[in-house]
Each structure stands twice: as C-alpha cells, then as structure tokens.
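Since the structure is predicted, the reported quantities are computational estimates derived from the model, not experimental observations. Just so it is clear, the values below take in all heavy atoms, side chains as well, and ignore hydrogens, waters and symmetry mates.
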Amino acid sequence: LAILEAPGPTPGKAKYSKALILEVLTLGLLTGARPDEVCSLSLRFVREVEGGYTLHFNDPKNDESVRTIPVLHPIAVALLQRRIGDRSTPTDQLFHELRPKKGHDNLYELVGRAISRHLQRATGLTEGKVPYCTRHTFVTEVGTHEGINDHALKRYVGHKPPGMTDERYRSVPMPALRAIAAKAKYPQRVEQAMAAHLGLSLEP
C-alpha cells in the first residue's frame with residue numbers, strides 16, 4: 001500500500017510516470033519476476049494461454065530461453081491485455097515507453113532509477129527499499145500458502161537449484177507452475193488498491 005500510495009514524480013520533469021512505475025512493480029508483485037526481466041519483455045515473449053498468459057524470459061546475451069512462467073492473476077492478466085492492445089508485431093516492447101541509456105541497450109537502467117526514487121518517496125517501508133522488494137514479497141507471500149511445492153516455486157521465480165540433480169534433471173511441469181501462479185494472491189484491500197491505482201476494472 002505504501003508503494004501504491006507514494007506520490008509520483010513531478011509532472012513534466014520526469015521521464016517516466018507513476019503509472020508506468022506501478023505497472024512494472026505490479027507485474028513484479030504478481031509474478032516474482034525481476035524488474036529488469038519485466039522491462040525487457042517484447043510481445044513475442046508474452047503469449048496468450050487458457051486463463052491468462054505465459055511470459056518467456058530469455059538470456060539477453062544469447063537469446064536462449066531461461067524459463068517460461070504462467071500468469072493467471074486477474075490484475076496481471078488485465079494489465080497485460082491493456083499493454084498489448086491491438087499490437088501484434090513480435091519485436092514491439094511490452095513497455096514501449098522505455099528507452100536505454102545513450103550508447104547502451106539495457107531498457108531497465110533508467111526506469112530502475114525512477115523506481116528507486118519512487119520507493120524512497122513511499123512512507124512506512126522499513127526493509128527491502130529496492131526494486132527487487134517486489135520479488136522478495138512474492139516469494140514470501142506465495143510461499144506461505146498451503147500445498148506450495150518449494151522446488152516449483154524456486155523454478156517459477158528463476159532461483160538456481162542448489163544441486164546438479166535439481167539443476168539439470170529435475171524439471172517442473174507446466175501444471176505445477178500453474179499451481180504456483182494460482183497462489184499469487186494478496187489481501188483483498190491490497191488487490192483492490194492495486195487495481196484502482198492501475199485504473200483497471202475487474203469483474204467480481
């Protein structure tokens with residue numbers, strides 16, 4: 001709530017709006033993805049599936065697939081739908097406003113600074129006042145739900161398994177990943193505030 005209610009940057013003086021910052025942070029809160037992963041998504045890596053989408057995260061150095069996760073939370077699904085709109089060009093960036101620093105190709109670097117400044121304006125944050133706090137929160141909140149498979153949760157958020165057997169041979173089937181996605185829930189007042197600040201109308 002502190003993140004959602006924090007004042008935005010001064011209008012006309014900031015490269016990125018509060019609305020954009022909250023969209024990036026919300027996808028982090030609802031998927032556990034790293035902020036830089038969220039910012040790097042292009043439409044070819046966001047694919048519609050039954051009940052939602054899958055996000056495909058690739059290694060930026062060699063474009064090889066790192067992991068694929070399902071996204072089922074209604075707020076995240078509505079946000080992705082709005083972001084995509086009627087666009088269909090695979091190379092289009094999901095967040096088309098993002099621009100890299102001059103001479104670089106990292107889409108997260110500049111908006112990451114804006115996100116950090118936003119978190120500094122939030123009141124009541126005592127720990128994790130960094131963009132990755134959304135990822136930490138996702139793992140903490142989802143991990144408390146009954147029936148969570150710890151190995152599947154680690155795979156979902158991209159944590160490296162501790163041993164060779166887990167890393168190379170112990171894969172996680174999509175149904176198990178969908179079970180993780182289905183547990184991505186926060187208290188009702190938080191989700192209501194999230195939808196309101198994002199300007200999303202969700203069916204009951």
Exercise. Under the salt bridge (Lys or Arg N to Asp or Glu O under 4.0 Å) criterion, do R83 and E97 qualify, and how do the steps go?
Worked result: CA-CA 11 Å; R83 267 279 156 191; E97 304 95 326; 2.9 Å; yes
Exercise. Could you go step by step and tell me if E37 and R67 meet the salt bridge (Lys or Arg N to Asp or Glu O under 4.0 Å) rule?
Worked result: CA-CA 11 Å; E37 291 178 325; R67 74 186 189 283; 2.8 Å; yes
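Salt bridge E23/R82: present, at least one basic N to carboxylate O contact under 4.0 Å. Using a cutoff of 4.0 Å between basic side-chain nitrogens and carboxylate oxygens, E109 and R99 are not scored as salt-bridged.
Identified under the salt bridge (charged side-chain N to carboxylate O under 4.0 Å, His left out) test for residues 171-193, with sequence neighbours left out: none.
I75 and I21 fall within the same hydrophobic cluster, where Ile, Leu, Val, Met, Phe, Trp and Tyr residues are linked whenever their side-chain heavy atoms come under 4.5 Å apart, directly or through other members.
Scored by the side-chain hydrogen bond (donor to acceptor under 3.5 Å, both in side chains) test, D150 finds K154 as partners (sequence neighbours excluded). Every residue two or more places apart in sequence or in another chain was checked for a ring-ring contact (aromatic ring centres under 6.0 Å, His included) with Y16, and none qualifies.
S17 places a side-chain N or O within 3.5 Å of a backbone atom of L20 that can act as its donor or acceptor partner.
Heavy-atom minimum distance, V111 versus L107: CG1-O, 3.9 Å. Closest approach of Y53 to I84, counting heavy atoms only: CE2-CD1, 3.8 Å.
Residues H56 and T54 bring a donor and an acceptor atom of their side chains to less than 3.5 Å of each other.
Using a 4.5 Å heavy-atom threshold, the side chains of L29 and E141 count as separate.
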